[in-house]
Participant: 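This is the structure I want to talk about, given as structure tokens.
Convention: sequence-line order gives letters A, B, ...; per-chain numbering from 1. What you see is a predicted model; the values in this text were computed from it and never measured.
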Amino acid sequence: MLIYNTLSRKKEEFVPVHAGEARIYACGPTVYDFFHIGNGRSFLLFDLLRRYLAYRGYKVTLVQNFTDVDDKMIQRANREGITVAELAERFIAAYKQDAATLGIMPANISPRATEHIAEMIALIETLISRGHAYVTADGVYFDTSSDKRYGELSGRNLEELEAGARVDVDEDKKHPADFALWKAEKPGEPAWDSPFGRGRPGWHIECSAMSMKYLGETFDIHTGGEDLVFPHHENELAQSCCATGKPLARYWMHTGFLNIDNRKMSKSEKNFFTVRDIAGQYDMEAVRLFFLSAHYRSPVNFSRDLVEGAVSAHERLRTARDSFAFLADKAADRAPDGADGAFIASLAKVREAFIEAMDDDLNTAQALGELYDFVRDANSFLSAERSRTCAKASLDLLLELSGVLGVLAKPADETDPRAEALAIERVEARKAKNWAEADRLRAAIADLGYSVEDTPSGPKLRRL
RNA sequence: GGCGCCAUAGCCAAGUGGUAAGGCAAAGGUCUGCAAAACCUUUAUUCCCCAGUUCGAGUCUGGGUGGCGCCUCCA
């Protein structure tokens, strides 16, 4: 499998540290608010990655942290008159709910920053003792000049960073790019005791401490949004490498941005949607399909029209699933003939093509193309009188491949029982060839918000 | 100012130097009480522009043009 590695700016063959295992660290949310649809897209990357690696036979360990102490959290907690811990509790719960709507499976381990202060302090002490960090009145800073490789991940060097630096230079810092490992206590902020005085950890150190604790000093893949490349991941990498002398992660994967109307989402622009907002408007599985229709590294535009296109495509996959399932139960139960055998044999090629696409740096757009091709071919083939075995094989393959992508996991939405009852009445009316009554019932069903389709497997209600 | 990414049909989007996947939308057809769904067919002589390399370029090189991102908290 090839993975695009931000560190080398190339696709590289995936070779895990431990044969047969894949250890992944994903930067999780800062839990000060509901997460937005752009965050959702980047969370989708690690979910897709872990599903696919598991499908390919790797034993996957995914660690996703919760950043539960930082400036934004402190501000909001103070504004609402609650503790930072209470705020964290609330939005960790919200994260879990919202992630589930997008089909994002829980990580194997979900460490919280505040529960790993001791590990961070130990890491900072190591950095100080090795001459990579220094203490000032404000806390402890990482000495970027002491790291020859600093800038490797984001493709910058210290001179450039100095040239690009804007105001706000801390006099105590040796270099403008130096960043805080430990922030000295300020009134109204949570603080912990440490050898360098009471205070709280900087943002970057938490990910270094937690990833290495659970995954080892060098693990396989580190994921995040592209805006984390600098400074967050650059700094994580610097801290960890300088502390251990070893690489932190073999592969760094970053998602492209999600834009709204071709503009970056931002609170000030008010072009901003939380996953919670969207979940009320669309089937989130269709939104997931929408994201997967473009490569994870390319920027994606989010708009009503585009998502609605994905909703149609998603409906089509669901219809295919229902139709295959119906035929797997009801089609002729006889031994497959030659054509059936050839069809079943052809399914292996579909799987191969799907894997080939996914092996190429998770090319979901291409993989979906293979899936749609397969659905069309199978629909066409099964429309003739075919053995039950063919339908069953088609259903199995569809569920297998869509399961890797996570786009057909949810059962059909529960339908309104009143609409169901009307649909049954309508079946009777149609049997009696009472078309006027049938049409009246269809209108009544439409009033409840459903269209009705007469399929071979009976009436199918579809939300309008 | 520095670094980097992108440009493929009405829209979205793949594409390993060898003759343009797929989806959405649209149109015609089969089927259907009428529909819907499904299926079949149609929709890029051409991949932003100009040069170059090559037997051959959407794909490689150079130069333009246009859009975007990072350099500050940010997925």
Participant: Answer with base, sugar-phosphate or nothing: what part of the nucleic acid does A/V300 contact at a heavy-atom distance below 4.0 Å?
Facilitator: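 Nothing: the residue A/V300, judged by heavy atoms under 4.0 Å, touches no strand.
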Participant: Taking A/D360 first and then A/K11, would you say they form a salt bridge - that is, a charged N and a carboxylate O separated by under 4.0 Å?
Facilitator: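 Yes, charged N to carboxylate O under 4.0 Å.
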Participant: Please write out the pairs of protein N or O atoms and N or O atoms of nucleotides 27-32 of chain B separated by less than 3.5 Å, giving the distance to one decimal.
Facilitator:
none

Participant: Report the distance from atom CG of A/L368 to atom P of B/G15, rounded to the nearest whole Å.
Facilitator: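 Between P of B/G15 and CG of A/L368: 13 Å.
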Participant: Would you call A/R51-A/D47 a salt bridge at under 4.0 Å N-O?
Facilitator: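 Yes, this pair counts.
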Participant: A/S154: which residues meet the side-chain contact (heavy atoms from CB on, under 4.5 Å) condition with it, sequence neighbours left out?
Facilitator: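 Counting only residues at least two positions away or on another chain, A/S154 forms a side-chain contact (heavy atoms from CB on, under 4.5 Å) with A/R156, A/V229, A/F230, A/E234.
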Participant: Can I get a per-line list of side-chain donor-acceptor pairs under 3.5 Å for residues 346-357 of chain A, giving both atom names and the distance, sequence neighbours left out?
Facilitator:
residue : atom : partner : partner atom : Å
A/S346  : OG   : A/F343  : O            : 2.5
A/R351  : NE   : A/E400  : OE2          : 2.7
A/R351  : NH2  : A/E400  : OE1          : 3.1

Participant: Does A/K72 qualify as a cation-pi partner of A/Y32, given the criterion of NZ or CZ under 6.0 Å from the six-membered ring centre and within 45 degrees of its axis?
Facilitator: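 Relative to the ring axis of A/Y32, which defines the angle, A/K72 lies inside both limits.
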Participant: Determine the contact category for A/S312: base if any of its heavy atoms lies under 4.0 Å from a base atom, sugar-phosphate if only primed atoms, P, OP1 or OP2 are that close, otherwise nothing.
Facilitator: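 If one applies the 4.0 Å heavy-atom cut-off, A/S312 turns out to touch the sugar-phosphate alone, with no base involved.
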Participant: Students often get this wrong, so: under 4.0 angstrom with heavy atoms, is A/L258 touching a base, only sugar-phosphate, or nothing?
Facilitator: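 Touches a base.
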Participant: Do NZ/NE/NH1/NH2 and the carboxylate oxygens of A/R149 and A/E152 come within less than 4.0 Å?
Facilitator: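 A salt bridge links A/R149 with A/E152.
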Participant: Mind listing the N/O atom pairs, protein and nucleotides 66-70 of chain B, below 3.5 Å?
Facilitator:
residue : atom : partner : partner atom : Å
B/C70   : OP1  : A/K264  : NZ           : 2.2
B/C70   : O2'  : A/R156  : NH2          : 2.9

Participant: With sugar-phosphate meaning primed atoms plus P, OP1 and OP2, does A/A313 contact a base, only sugar-phosphate, or nothing at under 4.0 Å between heavy atoms?
Facilitator: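 Sugar-phosphate contact only.
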Participant: Under 3.5 Å, is there a donor-acceptor pair between the A/E12 and A/S8 side chains?
Facilitator: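 Their side chains do contain a donor-acceptor pair, which is all the 3.5 Å distance test asks for.
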Participant: In this structure, how many angstroms lie between the C1' atom of B/G4 and the NZ atom of A/K10, rounded?
Facilitator: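 Checked: the NZ to C1' distance equals 17 Å.
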Participant: Among B/G23, B/A14, B/C34, which is the nearest nucleotide to the side chain of A/R426?
Facilitator: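 Within the option list, the nearest is B/C34.
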Participant: Would you call the rings of A/F219 and A/Y25 parallel, tilted or perpendicular if under 30° counts as parallel and over 60° as perpendicular?
Facilitator: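 The arrangement is tilted - the two ring planes meet at 30° to 60°.
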Participant: Identify the pairs formed between an N or O of the protein and an N or O of nucleotides 7-12 of chain B at a distance under 3.5 Å, and give each distance.
Facilitator:
none

Participant: With rounding to whole Å, what would you report as the distance between B/A9 and B/A20 at their C1' atoms?
Facilitator: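 Comparing C1' positions in B/A9 and B/A20 gives a spacing of 11 Å.
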Participant: Which ranges of RNA chain B pair up as stems, where a stem means three or more consecutive Watson-Crick or G-U pairs with both distances under 3.5 Å?
Facilitator: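 As far as RNA chain B goes, consecutive pairing (with distances under 3.5 Å) yields the stems B:1-7 with B:65-71, B:10-12 with B:22-24, B:26-30 with B:38-42, B:48-52 with B:60-64.
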Participant: Expressed as a whole number of Å, how far does the P atom of B/A35 sit from that of B/C50?
Facilitator: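 Per the computed distance, 49 Å lies between those P atoms.
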Participant: What's the verdict on side-chain hydrogen bond (donor to acceptor under 3.5 Å, both in side chains) for A/T67 and A/N65, showing C-alpha distance, side-chain angles and the deciding distance?
Facilitator: CA-CA 6 Å; A/T67 297; A/N65 72 297; 3.1 Å; yes
Participant: Mind checking A/S298 for me? I need base, sugar-phosphate or nothing, with any heavy atom below 4.0 Å counting as a touch.
Facilitator: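 Sugar-phosphate contact only.
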Participant: Specify the separation, in whole Å, of atom CG of A/D178 and atom P of B/U72.
Facilitator: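 Taking CG of A/D178 and P of B/U72, I get 13 Å after rounding.
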Participant: List in chain and number order the residues that pass side-chain hydrogen bond (donor to acceptor under 3.5 Å, both in side chains) with A/N235, two or more places apart in sequence or in another chain; answer none if no residue qualifies.
Facilitator: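 Residues passing side-chain hydrogen bond (donor to acceptor under 3.5 Å, both in side chains) with A/N235: A/Y150, A/H204.
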Participant: Rounded to whole Å, how long is the line connecting atom NE2 of A/H295 with atom C1' of B/C5?
Facilitator: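 These atoms are roughly 13 Å apart.
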Participant: Output one line per pair: protein atom, nucleotide atom from nucleotides 38-43 of chain B, and distance, for all N/O pairs under 3.5 Å.
Facilitator:
residue : atom : partner : partner atom : Å
B/A38   : O3'  : A/N379  : ND2          : 3.0
B/C39   : OP1  : A/N379  : ND2          : 2.9

Participant: Over how many whole Å does the gap from A/K72 atom NZ to B/A75 atom C1' extend?
Facilitator: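 It is 11 Å, rounded to the nearest whole Å.
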Participant: For A/F290 and A/F302, what are the C-alpha separation, side-chain angles and deciding distance, and is it a ring-ring contact (aromatic ring centres under 6.0 Å, His included)?
Facilitator: CA-CA 9 Å; A/F290 166 71; A/F302 190 90; 5.8 Å; yes
Participant: In whole Å, what is the span from the CD1 atom of A/I24 to the P atom of B/A75?
Facilitator: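 These atoms are roughly 20 Å apart.
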Participant: With a 4.0 Å cut-off on heavy atoms, is A/D305 in touch with a base, just the backbone sugar-phosphate, or nothing at all?
Facilitator: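 No contact.
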Participant: Would you classify A/K460 as touching base, sugar-phosphate or nothing, given that sugar-phosphate means primed atoms plus P, OP1 and OP2, and contacts are heavy atoms under 4.0 Å?
Facilitator: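 The residue A/K460 makes no contact with any strand.
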Participant: Suppose you measure atom C1' in B/G52 against the same atom in B/A57; what distance do you get, rounded to whole Å?
Facilitator: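 These two C1' atoms come out 11 Å apart once rounded.
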Participant: Give one of base, sugar-phosphate or nothing for A/R304, where a contact means two heavy atoms less than 4.0 Å apart.
Facilitator: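 No contact.
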Participant: Could you pull out all residues at least two apart from A/Y214 that satisfy side-chain contact (heavy atoms from CB on, under 4.5 Å)?
Facilitator: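 Listed in chain order: A/V63, A/I109, A/P111, A/H116.
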Participant: Would you measure the distance from the C1' atom in B/A44 across to the matching atom in B/U65 and give it in whole Å?
Facilitator: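 These two C1' atoms come out 22 Å apart once rounded.
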Participant: Can you name the side-chain hydrogen bond (donor to acceptor under 3.5 Å, both in side chains) partners of A/D68, sequence neighbours left out?
Facilitator: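 Partners of A/D68 under the side-chain hydrogen bond (donor to acceptor under 3.5 Å, both in side chains) test: A/T114.
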Participant: Can A/W435 be said to stack with the base of B/G33, given centres closer than 5.5 angstrom and planes under 30 degrees apart?
Facilitator: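 A/W435 vs B/G33: stacking yes.
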Participant: Who passes ring-ring contact (aromatic ring centres under 6.0 Å, His included) against A/F91, sequence neighbours left out?
Facilitator: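 For A/F91 the ring-ring contact (aromatic ring centres under 6.0 Å, His included) partners, ignoring immediate neighbours, are A/F34.
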Participant: For A/S303, which residues count as a side-chain hydrogen bond (donor to acceptor under 3.5 Å, both in side chains) partner, sequence neighbours excluded?
Facilitator: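 Here no residue qualifies.
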Participant: Could you give the distance separating B/C24 and B/U32 at their P atoms, to the nearest angstrom?
Facilitator: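 One P to the other, the span is 25 Å.
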Participant: Expressed as a whole number of angstroms, how long is the span from A/F35:CZ to B/C73:C1'?
Facilitator: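 Going from CZ in A/F35 over to C1' in B/C73 covers 19 Å.
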Participant: Take A/A367 and A/S154, find for each the nucleotide of RNA chain B with the closest heavy atom, and name the residue whose nucleotide sits nearer the 5' end.
Facilitator: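 It is A/S154 whose nearest nucleotide is closer to the 5' end.
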Participant: Establish, for the pair A/R386 and A/F381, whether the NZ or CZ atom is under 6.0 angstrom from the six-membered ring centre and no further than 45 degrees off its axis.
Facilitator: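 Here A/R386 passes the 6.0 Å and 45° test against A/F381.
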Participant: Considering only atom P, compute the distance from B/U16 to B/U8 and round it to an integer number of Å.
Facilitator: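 16 Å, rounded to whole Å.
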Participant: When rounded to the nearest Å, what value does the distance between C1' atoms of B/U19 and B/A25 take?
Facilitator: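 Looking at atom C1' only, B/U19 and B/A25 are 28 Å apart.
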Participant: Taking the basic N atoms (NZ, or NE/NH1/NH2) and the acidic carboxylate oxygens, is any pair closer than 4.0 Å for A/R200 and A/E189?
Facilitator: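 Between A/E189 and A/R200 there is a salt bridge, with a charged N closer than 4.0 Å to a carboxylate O.
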Participant: Expressed as a whole number of Å, how far does the P atom of B/U59 sit from that of B/G2?
Facilitator: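 Going atom to atom, P in each nucleotide, I get 27 Å.
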Participant: Taking the six-membered ring for Trp, are A/F43 and A/F46 parallel (under 30°), tilted (30 to 60°) or perpendicular (over 60°)?
Facilitator: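 Tilted.
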Participant: Using the side-chain contact (heavy atoms from CB on, under 4.5 Å) rule, take A/R376 and A/L371 through it: C-alpha gap first, then chi angles, then the decisive distance, then the call.
Facilitator: CA-CA 9 Å; A/R376 189 192 56 221; A/L371 194 63; over 6 Å; no
Participant: Which part of the nucleic acid does A/G38 contact within heavy-atom distance under 4.0 Å: base, sugar-phosphate only, or nothing?
Facilitator: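 Counting heavy atoms under 4.0 Å across all strands, the contact made by A/G38 includes a base.
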Participant: Is there a donor and acceptor pair closer than 3.5 Å between the side chain of A/N363 and the base of B/G15?
Facilitator: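 There is none.
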Participant: With hydrogens left out and only the distance checked, is there a donor-acceptor pair under 3.5 Å joining A/R442's side chain and the base of B/C34?
Facilitator: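 Between B/C34 and A/R442, which were checked side chain against base, a qualifying N/O pair under 3.5 Å is present.
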